[in-house]
There are 2 protein chains.
Amino acid sequence: MRIGELAEATGTTAKTLRFYEEAGLLPPTHRASNGYRDYGPDAVTRLDFIRRGRAAGLTLAQIREVIDIRDTGQTPCSHVHALLTIRLTDIDRQIADLQGLRATVARLRDEAGQANPAACDAEDVCRYL
Amino acid sequence: MRIGELAEATGTTAKTLRFYEEAGLLPPTHRASNGYRDYGPDAVTRLDFIRRGRAAGLTLAQIREVIDIRDTGQTPCSHVHALLTIRLTDIDRQIADLQGLRATVARLRDEAGQANPAACDAEDVCRYL
DNA sequence: CTGAACCTTCCAGCGCGGGGGAGGGTCAAG
DNA sequence: CTTGACCCTCCCCCGCGCTGGAAGGTTCAG
């Protein structure tokens, strides 16, 4: 299949597919005699894999890591497990950070009171922040 | 005070201060006869304001908005209130997104099982993702 | 024959918040 | 007199994940 068909089949764009190839996420594929890229059906599988990784919040670099391991013939499962564990820790930290931030912002806002310009003093400062 | 002193006093760098001036967050300041920037003590106040805004997750553009309102002589309080309300909504959405993502990633990881290479098939896919 | 819809490469830019380093002036101490 | 610590402007670069556009080749329908 050609790049446009693959793009449509996987819900992405030809631009992105060329970018993925450049980034090492898709192997350089066979070219037809006219120079057009010619993809087999496994390209769809690989792109689905990439899409799922993205949806799990993995970076392209992390996904490429997994692909590289697999391409050396190893089973990347334990690596994926470790990656997802790290990702979970990250997410938990982000949630905790955001919850702390939420409390701070809520406090600042509630101290303000919507129509209380007196809380702004004459200096270069708004006491809300 | 000179730019390096101001940087040290506010826990930032001279580079960043020049960048803030360029971005309209710091007013172009008085220059000494040798061309060096010469800051008064209110620069520290303004930088603290900027730092607090950053800590609340506001973008430089949002902080500049507030500063611009204040610099036209108005009290930016109700604007700040609105800004923080929007920011709260954003944070809540981010937290919800992350909690959904956390559930997804945790499920993927727990399906994997740390030492279960059988979950990797021979195709270009790891069933964990 | 012409036009549209594909494809190719290469180069540029976004948004965000700066950082690196070149190439040069200035100033005080030793 | 020199050394070192500052300061100045200028322009380019980072990560991240693409996206847009120019300039050209190919293929197919009408």
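Hydrogens, waters and symmetry mates play no part in the numbers below; they use all other heavy atoms, side chains included. To find a chain, count down the sequence lines: A is the first, B the second, and so on, and within it residues start at 1. Worth saying up front: this structure is predicted, and the values here are computed from it rather than measured.
Taking the C1' atoms of five terminal pairs at each end of the helix from C/dC1-D/dG30 to C/dG30-D/dC1, the two resulting helix axes are inclined by 30°, rounded to 10°.
Not a single side chain to side chain contact (heavy atoms under 4.5 Å, CB included) links A/Ala96 to another residue, sequence neighbours left out. Residues passing the side chain to side chain contact (heavy atoms under 4.5 Å, CB included) test with B/Asn34, sequence neighbours excluded: B/Ala32, B/Tyr36. Here A/Ser33 pairs with nothing under the side chain to side chain donor-acceptor pair (under 3.5 Å) rule; sequence neighbours left out. Under the side chain to side chain donor-acceptor pair (under 3.5 Å) criterion, A/Thr16 pairs with A/Thr13, sequence neighbours left out. With sequence neighbours excluded, the residues satisfying side chain to side chain donor-acceptor pair (under 3.5 Å) with A/Thr85 are B/Arg109. The side chain to side chain donor-acceptor pair (under 3.5 Å) check on A/Arg64 picks up nothing, with sequence neighbours excluded.
Applying the salt bridge (charged side-chain N to carboxylate O under 4.0 Å, His left out) test to every pair with at least one member in residues 1-14 of chain B, sequence neighbours left out, gives no pairs at all. Residue pairs meeting the salt bridge (charged side-chain N to carboxylate O under 4.0 Å, His left out) criterion with at least one member in residues 72-91 of chain A, sequence neighbours excluded: A/Asp90-A/Arg93.
The stretch residues 29-40 of chain B touches DNA chain D through B/Arg31, B/Gly35, B/Tyr36, B/Arg37, each having a heavy atom under 4.0 angstrom from the strand.
Here chain A contacts DNA chain C (any atom closer than 4.0 Å to a heavy atom, that is under 4.0 Å), and the contacts span C/dC6 to C/dC10 from 5' to 3'.
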For every nucleotide of nucleotides 19-24 of chain D, 5' to 3': is a protein heavy atom under 4.0 Å from its base (B), only from its sugar-phosphate (S), or from neither (-)?
SBB---

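For D/dC8, one of the phosphate oxygens OP1 or OP2 lies less than 4.0 angstrom from a side-chain nitrogen or oxygen of B/Arg18.
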